[in-house]
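Computation of the quantities below employed the complete heavy-atom set of this structure, encompassing side-chain atoms and omitting hydrogens, waters and symmetry-equivalent molecules. Just so we're clear, the structure is a prediction, and the values are computed from it rather than from any experiment. Residue numbers begin at 1 in each chain, while the letters A, B, ... track the order of the sequences.
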Number of protein chains: 2
Amino acid sequence: MGKYHHGDVRNVLLQQAENILIDEGPAGLSLRRLARLTGVSEAAPYRHFDGKDGILAAVAIAAFERFAEQLETAAASTENHEERIMALGAAYVQFAVENPQHFRLIFGRERPPLDQYPELRDAADNAFDVLQRAVTSVDRKAEMTLAEAASAYNRALAAWSRAHGIAMLVIDGMIVPPADQDLSGFVLGLLAEDLTIPANAE
Amino acid sequence: MGKYHHGDVRNVLLQQAENILIDEGPAGLSLRRLARLTGVSEAAPYRHFDGKDGILAAVAIAAFERFAEQLETAAASTENHEERIMALGAAYVQFAVENPQHFRLIFGRERPPLDQYPELRDAADNAFDVLQRAVTSVDRKAEMTLAEAASAYNRALAAWSRAHGIAMLVIDGMIVPPADQDLSGFVLGLLAEDLTIPANAE
DNA sequence: TTCTTATGTTAACTTTGTTAACATTAAAGC
DNA sequence: GCTTTAATGTTAACAAAGTTAACATAAGAA
């Protein structure tokens, strides 16, 4: 009665891998342990994934897809270019705070190399395309000079950087969002913060 | 002819560890390989460090110290509060770009836990104190209200976030600094970028 | 039915982190 | 000087992990 595992082991493994990742990070994800927890032999995962990187790639792909979805939702929430960038920034940080391990996985060096996993590259490209589109699709009704377009691009790049930095610093515990305020408000405030020298400087 | 006591093995190990870290990252740093490369027995490192985390902690401490030095230098380069923040941001990013592996080590989850390595905690605190001081030591000659001080703090936090984000995105290859411009100019431009809605928006 | 492929299993091999048990050197006390 | 002791090295072992090979079984195509 060697009732082999019939069901879709692949999906069970993936789900379990995600659970482990969430509360232990990629380092704690051991293929053998994963197999044991799933109730399958220790070599079974190799039938469904290209080793450890293969599993991480699969998890990362799913993460990128979810990330892209949430960014799209935010981007669609308004027609105004600046507002859209703000909304994107808030959604960006929110995803990181709610899914710190996924965020680190898709940005950190534990992410499998993109050139070895075409689907991973596609997922990544797609997510960043959402940002890219929001950045470049400035209000077309306002005719812009090339310089103005470049400036808009730089502003968006700056916004992205700040959002990314906030996300990283918050999930690293370097920045502690005030408990009395909602996260989104705090993030929006930071995003909109202007660094140019104020009038009262002198 | 057991050639015991070759000199200060500890420093040689540290230097070698740093070399490995630089071109392979913390994942590629294997204690046994490190020992072999250093020409010492595979268990020798344990006489000088508290295991792998111990070595990483030692490397991270050195990295924090170098980081703090460069930040201090930048902070001392001007008396103007806003200019100082800009200089700090540029130095911050420059350190990350010149020492990506160190930067990832001191900020990533491969960094040994601070509460297990008091010296590491001190090194980290010291580095962030440099930032903190630059943030809070606003021009005292201009009397500020509490609200103004809070606003200054938020601006500094925003600047830090953006610098951190730029650093991360650049060393991840997500942002590619223009080849024709020097890095510092590019970073300063991004740091100063204002996100408030421009006058020609309507 | 038979052949082939996908999926599982067990057993090995290699590397790594870590510790224990033992060896040698340098330095401190006498 | 001689002895004792702490620091520093060494070898040998262990468990855990990634990976692959060799073999087993299920399910579907021929």
Side-chain angles (χ1 to χ4, degrees), chain A residues 1-21 23-60 101 105 108-113 116-117 120, chain B residues 1-21 23-60 101 105 108-113 116-117 120:
Chain A
M1 175 160 169
K3 184 72 158 58
Y4 276 25
H5 233 273
H6 67 293
D8 62 339
V9 181
R10 192 192 140 97
N11 280 345
V12 181
L13 282 172
L14 249 187
Q15 182 56 52
Q16 196 74 36
E18 193 125 353
N19 290 341
I20 296 180
L21 178 87
D23 46 51
E24 302 193 39
L29 203 166
S30 138
L31 277 200
R32 301 182 94 121
R33 194 154 73 93
L34 169 61
R36 285 193 299 265
L37 286 180
T38 309
V40 86
S41 87
E42 294 187 331
Y46 289 87
R47 293 294 172 197
H48 301 277
F49 298 95
D50 177 20
K52 185 166 186 172
D53 265 11
I55 291 197
L56 286 180
V59 175
Q101 301 284 17
L105 176 61
R109 69 209 140 324
E110 257 127 331
R111 182 192 61 200
Q116 264 173 52
Y117 297 89
L120 179 55
Chain B
M1 171 104 191
K3 176 118 184 299
Y4 277 30
H5 278 239
H6 331 57
D8 66 338
V9 181
R10 193 192 140 97
N11 279 345
V12 181
L13 282 173
L14 250 186
Q15 182 55 52
Q16 196 75 36
E18 194 127 28
N19 290 341
I20 296 179
L21 179 88
D23 46 51
E24 302 192 38
L29 202 167
S30 139
L31 276 201
R32 301 181 94 120
R33 194 154 72 91
L34 169 62
R36 285 192 299 265
L37 286 180
T38 309
V40 87
S41 89
E42 294 186 332
Y46 288 86
R47 294 292 171 196
H48 300 278
F49 298 96
D50 178 19
K52 184 167 187 173
D53 265 11
I55 291 197
L56 286 180
V59 176
Q101 301 284 16
L105 175 61
R109 72 211 137 323
E110 257 128 331
R111 182 192 61 200
Q116 265 173 50
Y117 297 89
L120 179 56

Q | Rounded distance [0.5 Å steps], CZ in A:R111 versus CG in A:D53 | A | 11.5 Å

Q. B:L29 and B:I20: which non-hydrogen atoms are nearest, and at how many Å?
A. CA-CG2, 3.9 Å

Q: Please report the closest heavy-atom contact between B:L14 and B:A58, naming both atoms and the distance.
A: CD2-CB, 3.8 Å

Q: Write down the distance between CD (B:E42) and P (C:dA21), rounded to a whole number of angstrom.
A: 20 Å

Q: Mind listing the residues from residues 46-53 of chain B sitting with a heavy atom below 4.0 Å of DNA chain C? Number order is fine.
A: B:Y46, B:R47, B:G51, B:K52

Q | Check: A:Q101 main-chain N/O paired with B:R109 side-chain donor or acceptor under 3.5 Å | A | no

Q.
So if I take every side-chain heavy atom of A:S41 and compare against C:dG8, D:dG9, D:dT20, which nucleotide ends up nearest?
A. C:dG8

Q: To the nearest 0.5 Å, tell me how far B:D50 CG sits from B:L56 CG.
A: 11.0 Å

(Q) Any side-chain N or O of B:R36 below 4.0 angstrom from OP1/OP2 of C:dT16? (A) yes

Q) Which whole-number value in Å describes the distance from B:L34 CG to D:dG9 P? A) 13 Å

Q. In Å and rounded to the nearest 0.5 Å, what is the CD to CG distance from A:Q15 to A:N19?
A. 5.0 Å

Q. For residues 24-33 of chain B, which residues have at least one heavy atom under 4.0 Å from DNA chain D?
A. B:R32

Q) Does any non-hydrogen side-chain atom of A:I55 lie less than 4.5 Å from one of A:L34? A) yes

Q. Quick one: CZ on A:R47 to OG on A:S41, what's the gap to the nearest 0.5 Å?
A. 9.0 Å

